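It should be emphasised that the depicted structure is a prediction, and the values quoted were computed from it without experimental measurement. All values below were derived from every heavy atom in this structure, side-chain atoms included, with hydrogens, water molecules and symmetry-related copies excluded. Convention: sequence-line order gives letters A, B, ...; per-chain numbering from 1.
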Number of protein chains: 2
Amino acid sequence: MPSRKHGAVELLGLEARATEEDHKSIRLWLRLLSATNLVKNEVQSRLRRTFGTTLARFDLLAQLERHPEGLAMGPLSKRMMVTAGNVTRLVDQLEAEGLVTRVPDPRDRRTVRVRLTAEGRRRFAAMAAVHEGWIVELFRGLSREDREQLYGLLAALKQSVARALAREGGRAG
Amino acid sequence: MPSRKHGAVELLGLEARATEEDHKSIRLWLRLLSATNLVKNEVQSRLRRTFGTTLARFDLLAQLERHPEGLAMGPLSKRMMVTAGNVTRLVDQLEAEGLVTRVPDPRDRRTVRVRLTAEGRRRFAAMAAVHEGWIVELFRGLSREDREQLYGLLAALKQSVARALAREGGRAG
DNA sequence: GGTCAAATTTTGACTTGTCAACTATCTACC
DNA sequence: GGTAGATAGTTGACAAGTCAAAATTTGACC
């Protein structure tokens, strides 16, 4: 039966191609992770050497700087993409250093708003300027078009993940 | 002096445009970080729920799987992009679980080669198949062209960072 | 052949992160 | 207005990461 044999060969071809595509997704993910780690490790090490601080603290200050009215722990942890328990302790430290304050919310006594102090704003501004220079330098090898394409593709990736999680969530909970 | 005034306006325009581009680099970096964290947090949580393991251990096993002859601590830590001190303790745990072994190198008694045990190979294979499915699903919303473009742009980014570090290293060390 | 610097791994002290359990408060409903 | 369940934050136990200092071995040079 030549037609059956032909069909089997085609099926095998399809399967091989699918597997090939799957491996490509893994390689893409590994490359995404390693590119990010490359930048992150470098920024981390420079923040430490130059300002004696960490990326987590810098990130926390950056979030607060964009919200002068302050942010509650919950939203703050969402924006930082870490758990609330982690943020609690970061805020403890930054509060002890005098860079942020906890302001009780009169409307809801469960929540606290975290705000930059004047000193925190001053210190962050100094670091942010230098930090921006580092990033510009590290990304300088990409053309403006490359940067814009990458920016767009990362948005598409975030959407892709969000949709996958929605499918998952719709099924399970 | 209209020409001088005109020049000043042009200069201002250039500076504003430069600052604009700088901010775009920062936004690109933040988006890269958040896209990566999105995937990483999800994979991390699934590895935990499904297999009771962590991304660090999974990654370590994955590196060893690609090197059946074993890897010394140094190269292993470079590939995982973490410090050797960290890898020492991860290997301690995986060795205690019977998934890897430390093999002394007869050529150089300072180094140890870390290898997968049969059990380690078996366990990793089971996890890797499921893991690949997760990644494929999370990246499914990107077209094949998008994935290939992203793959290329991430390579360009890694090169850009490497060149920036080389410039830096050439100057400082 | 001895010494001194470089390389490899480990260890200790610390920060960042997770999860699960706990406390306190709020909201909705009876 | 009292109770039940959801929501906000903190805490404890632990995993994963950092750096710097120690221990051991190697290699090169005099």
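A/Thr88 comes within contact range of at least one nucleobase, with a heavy-atom separation under 4.0 Å. Within 4.0 Å (heavy atoms only), B/Arg113 reaches no atom of the nucleic acid at all. Note on B/Val112: only backbone sugar-phosphate atoms sit closer than 4.0 angstrom, heavy atoms only; bases stay farther off.
A donor-acceptor pair is defined here as one N or O able to donate and one able to accept, closer than 3.5 Å; no such pair exists between the side chain of A/Glu137 and the backbone of B/Ala164. A donor-acceptor distance shorter than 3.5 angstrom exists from the side chain of B/Arg115 to the backbone of B/Pro68, with no hydrogens or angles considered. Distance alone, capped at 3.5 Å, places no donor-acceptor pair between the A/Ser77 side chain and the A/Val87 backbone.
By the side chain to side chain contact (heavy atoms under 4.5 Å, CB included) test, B/Thr83 is found to be paired with B/Asn86, residues two or more places apart in sequence or in another chain being considered. Applying the side chain to side chain contact (heavy atoms under 4.5 Å, CB included) criterion to B/Tyr151, with sequence neighbours excluded, gives A/Arg27, A/Leu28, A/Arg31. For A/Phe124, the ring pair (Phe, Tyr, Trp, His ring centres under 6.0 Å) criterion is met by A/Phe58, not counting sequence neighbours. In this structure, A/Lys78 has no side chain to side chain contact (heavy atoms under 4.5 Å, CB included) partners at least two apart in sequence or on a different chain. Applying the side chain to side chain contact (heavy atoms under 4.5 Å, CB included) test to B/Glu132 and every residue at least two apart in sequence or in another chain returns A/Asp22, A/His23, A/Ile26, B/Val136.
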(message) Go through it in stages, so that I can follow the logic: the residues are A/Leu32 and A/Thr36, the test is side-chain contact (heavy atoms from CB on, under 4.5 Å), and I'd like the CA-CA distance, side-chain angles, deciding distance and then a yes or no.
(response) CA-CA 6 Å; A/Leu32 176 64; A/Thr36 303; 4.3 Å; yes

(request) Kindly indicate, with the supporting measurements, whether the criterion salt bridge (charged side-chain N to carboxylate O under 4.0 Å, His left out) is fulfilled by A/Arg113 and A/Asp108. (result) CA-CA 11 Å; A/Arg113 268 188 318 169; A/Asp108 183 342; over 6 Å; no

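A nucleotide of DNA chain D counts as in contact with chain B when one of its atoms lies under 4.0 Å from a heavy atom; the first and last such, 5' to 3', are D/dA15 to D/dT26.
No path of Ile, Leu, Val, Met, Phe, Trp and Tyr side chains, each step under 4.5 Å between heavy atoms, connects B/Val103 with B/Val100, placing them in separate hydrophobic clusters. When hydrophobic clusters are built by joining Ile, Leu, Val, Met, Phe, Trp and Tyr residues whose side-chain heavy atoms come closer than 4.5 Å, directly or via intermediates, A/Phe139 is grouped together with B/Leu165.
Evaluation of the salt bridge (charged side-chain N to carboxylate O under 4.0 Å, His left out) test over residues 39-61 of chain B, restricted to residues two or more places apart or in two chains, returns B/Glu42-B/Arg46, B/Arg57-B/Glu97. Note on residues 65-84 of chain B: no pairs pass ring pair (Phe, Tyr, Trp, His ring centres under 6.0 Å), not counting sequence neighbours.
Taken residue by residue, residues 89-96 of chain B places heavy atoms nearer than 4.0 Å to DNA chain C at B/Arg89. For DNA chain C, the neighbouring residues in residues 63-83 of chain B, judged by any heavy atom under 4.0 Å, are B/Ala72, B/Met73, B/Gly74. Near DNA chain D, meaning a heavy atom under 4.0 Å away, the residues from residues 43-57 of chain B are B/Thr54, B/Ala56, B/Arg57.
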Close N/O contacts between protein and nucleotides 23-26 of chain C (under 3.5 Å):
residue: C/dT25; atom: O2; partner: A/Arg110; partner atom: NH1; Å: 3.4
residue: C/dC26; atom: OP1; partner: A/Arg109; partner atom: N; Å: 2.7
residue: C/dC26; atom: OP2; partner: A/Arg109; partner atom: NH2; Å: 3.0

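A side-chain contact (heavy atoms from CB on, under 4.5 Å) with B/Leu116 is found for one member of B/Arg123, B/Gln63, B/Arg121, B/Arg122 and no other, namely B/Arg121.
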